[in-house]
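Residue numbering restarts at 1 for every chain, and letters A, B, ... go by the order of the sequence lines.
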2 protein chains.
Amino acid sequence: MLTSQRKSLILDTLRRDGQVIAKQVAESLSLSEDTIRRDLREMAAEGLLKRVHGGAMPLSPELPDFSTRKDVSLAAKRRLGAKAAGLIRPGQMIFLDGGTTTAEVTRQLPRNFGFTVVTHSPTIAADLEHHPTAEVIVIGGRLYKHSMVATGAAAMAAISQLRPDLFFLGVTAAHPVHGLSTGDFEEAAIKRHIAHSSAETYVLLTGEKLDRVSACQVLPVADVSGLIVPEEVTQAQLAPYRSLNAAILAA
Amino acid sequence: MLTSQRKSLILDTLRRDGQVIAKQVAESLSLSEDTIRRDLREMAAEGLLKRVHGGAMPLSPELPDFSTRKDVSLAAKRRLGAKAAGLIRPGQMIFLDGGTTTAEVTRQLPRNFGFTVVTHSPTIAADLEHHPTAEVIVIGGRLYKHSMVATGAAAMAAISQLRPDLFFLGVTAAHPVHGLSTGDFEEAAIKRHIAHSSAETYVLLTGEKLDRVSACQVLPVADVSGLIVPEEVTQAQLAPYRSLNAAILAA
DNA sequence: AATTATCATGCATTTTCACGCAATCCTGTG
DNA sequence: CACAGGATTGCGTGAAAATGCATGATAATT
């Protein structure tokens, strides 16, 4: 295993769990704790994490998630959400993926006509508590806490019974060749299944996700009905996607 | 558990409850009170909180008004929640009903051992996002927005496949003759079904719910394993329930 | 005033840490 | 191919930190 690989693994763990325990990492990688500690020391010096006794913590606990990850692209996400919400027609059944991007769709859903929202994310469902006209259907299953979505056989089975008109998909990366991808295998399978069950699938993509690749592919780009991207993205960046038959909506 | 993590947990508790009790924290984390006291001392030195006998308080005493106003029934709910959470044993499967009372159970779940939480409330599921040791299973179905729980055939079917060890039931009314009841027919059916699927059922009852009746009966009082009530409730009030074989736990 | 609960301190034990050193591996050059 | 130079890793050492327990002091309650 490469050092840089190990370090990014540590960062992933940190993002996912909000903590890293040196002993655990050492054990799971079959390396000495010294090596891990050395890594942690170096990464702390680079300002990537905060060293604490026993392991490491994110730099400023959790709030950078809100203020950094959210604020930076919040305006863009809002516009994506509004664009997506504008596609909805009365009486349709909409499937909303989990994640911060699709959460913005939730907040901008139409309020002047009725429709049905299906979601496997309890967070999204909870956000819809006060929506006046949306009928909400929750997909159950084992909760994958990192992205707060239900997964597993039960979720797959429940999804199979529905035929949504629209699916708003969220992913962590999009690439012309490697397609739309996300970090978790199980999650990717669920997303794929929802897309196959739905009449149309639109991907919401903030600019920084373009031309990137994550571990598990969800779908090829050509398999979705369209990409919704911020208007700042240049035509040059979009050209490789355009040639894949994907409709592109700028928001 | 990392020390820094513990400290931020203490700060969270402080923000949420407006107070921290050393003994409680020690117990919920399976650590000695010395350790917690040491933390509190250090954090007080850093100006993060104000040390008081028995625990700690926030620096700015913004809440004396708050606490007196709201705490009467909230504090009672908290104690009910703590009592309920104390019944949980490692590895068990717990079903949590929806509602504000059971939400307090969620916040006080043990953090020092693993167990599984099942719930048909997306709100409860969302609250468990940052719980370190709880495995969460969401029951899906059509969302009944008034109480924010999944209902309907799909929910019933999913519940049928589980055999929880404990069910913490919330109702709007309890009466010795008319039993435990709630306002919605569909909701009552679901609660009843969960109770029948579970090995043991405990009802959380704040004082004002005693000797009242709502439209739809969930279960007779005799059908549950026990009632969890605030300690202020008098023995005279409880006598009619006691005679129904219901164990009564004062919190 | 008596009793109980909570606290601070010192000490012992365990865990975690940083440093130095040696073994190993990779790389590039003669 | 051989070998030097650098990087990476694991181990031993003593130091530092974290934790729990015992003890006497202090605060709260009755």
Spacing of [X] atom [atom1] relative to [N] atom [atom2], expressed in whole Å:
X: B:Glu33; N: C:dT9; atom1: CD; atom2: P; answer: 17 Å
X: B:Glu42; N: D:dA18; atom1: CD; atom2: C1'; answer: 10 Å
X: B:Gln24; N: C:dA5; atom1: CD; atom2: C1'; answer: 15 Å
X: A:Leu29; N: D:dG10; atom1: CG; atom2: C1'; answer: 15 Å
X: B:Leu40; N: D:dT19; atom1: CG; atom2: P; answer: 13 Å
X: B:Glu27; N: C:dA5; atom1: CD; atom2: P; answer: 14 Å
X: B:Ile36; N: D:dA18; atom1: CD1; atom2: C1'; answer: 12 Å
X: B:Gln5; N: C:dT16; atom1: CD; atom2: P; answer: 14 Å

Which nucleotide in the list [options] gets nearest to the side chain of [X]?
X: A:Leu31; options: C:dC19, D:dT19, D:dG10; answer: D:dG10
X: B:Asp34; options: D:dC21, C:dC17, D:dT9; answer: D:dC21
X: B:His53; options: C:dG20, C:dT6, C:dA18; answer: C:dT6
X: B:Thr3; options: D:dA17, C:dC7, D:dT19; answer: D:dT19
X: B:Arg41; options: C:dA8, D:dT9, D:dG20; answer: C:dA8
X: B:Arg38; options: C:dC17, D:dC21, D:dG10; answer: D:dC21
X: B:Arg51; options: D:dG10, C:dA8, C:dC19; answer: C:dA8
X: A:Arg37; options: C:dA8, C:dA18, D:dT19; answer: C:dA18

Only one of A:Lys50, A:Glu33, A:Arg51 passes side-chain contact (heavy atoms from CB on, under 4.5 Å) with A:Leu40, and that residue is A:Arg51
Think [X] has a side-chain N or O under 4.0 angstrom from the OP1 or OP2 of [N]?
X: A:Lys23; N: C:dT16; answer: yes
X: A:Ser32; N: D:dT9; answer: no
X: B:Thr35; N: D:dA18; answer: no

So, taking the atom named [atom1] in [X] and the one named [atom2] in [Y], what distance separates them when rounded to the nearest 0.5 Å?
X: A:His175; Y: A:Ser214; atom1: NE2; atom2: OG; answer: 11.5 Å
X: A:Leu227; Y: A:Arg242; atom1: CG; atom2: CZ; answer: 9.5 Å
X: A:Ser32; Y: A:Arg37; atom1: OG; atom2: CZ; answer: 8.0 Å

Lys/Arg-Asp/Glu bridge criterion (N-O < 4.0 Å) met for A:Arg142, A:Glu186: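 Salt bridge between A:Arg142 and A:Glu186, a charged N being under 4.0 Å from a carboxylate O: no.
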Would you confirm whether the ring centroid of B:Phe115 sits within less than 6.0 angstrom of the ring centroid of B:His131?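 Under 6.0 Å, so yes.
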Side chains of B:Arg79 and B:Glu104 in contact at under 4.5 Å (non-hydrogen atoms):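 Not in contact.
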Side chain of B:Lys209, backbone of B:Val171: donor and acceptor closer than 3.5 Å?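 Answer holds: yes.
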Report for the helix from C:dA1-D:dT30 to C:dG30-D:dC1: angle between first-end and last-end helix axes, five pairs each, rounded to 10 degrees.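 The end-segment axes of the helix from C:dA1-D:dT30 to C:dG30-D:dC1 are tilted 30° relative to each other.
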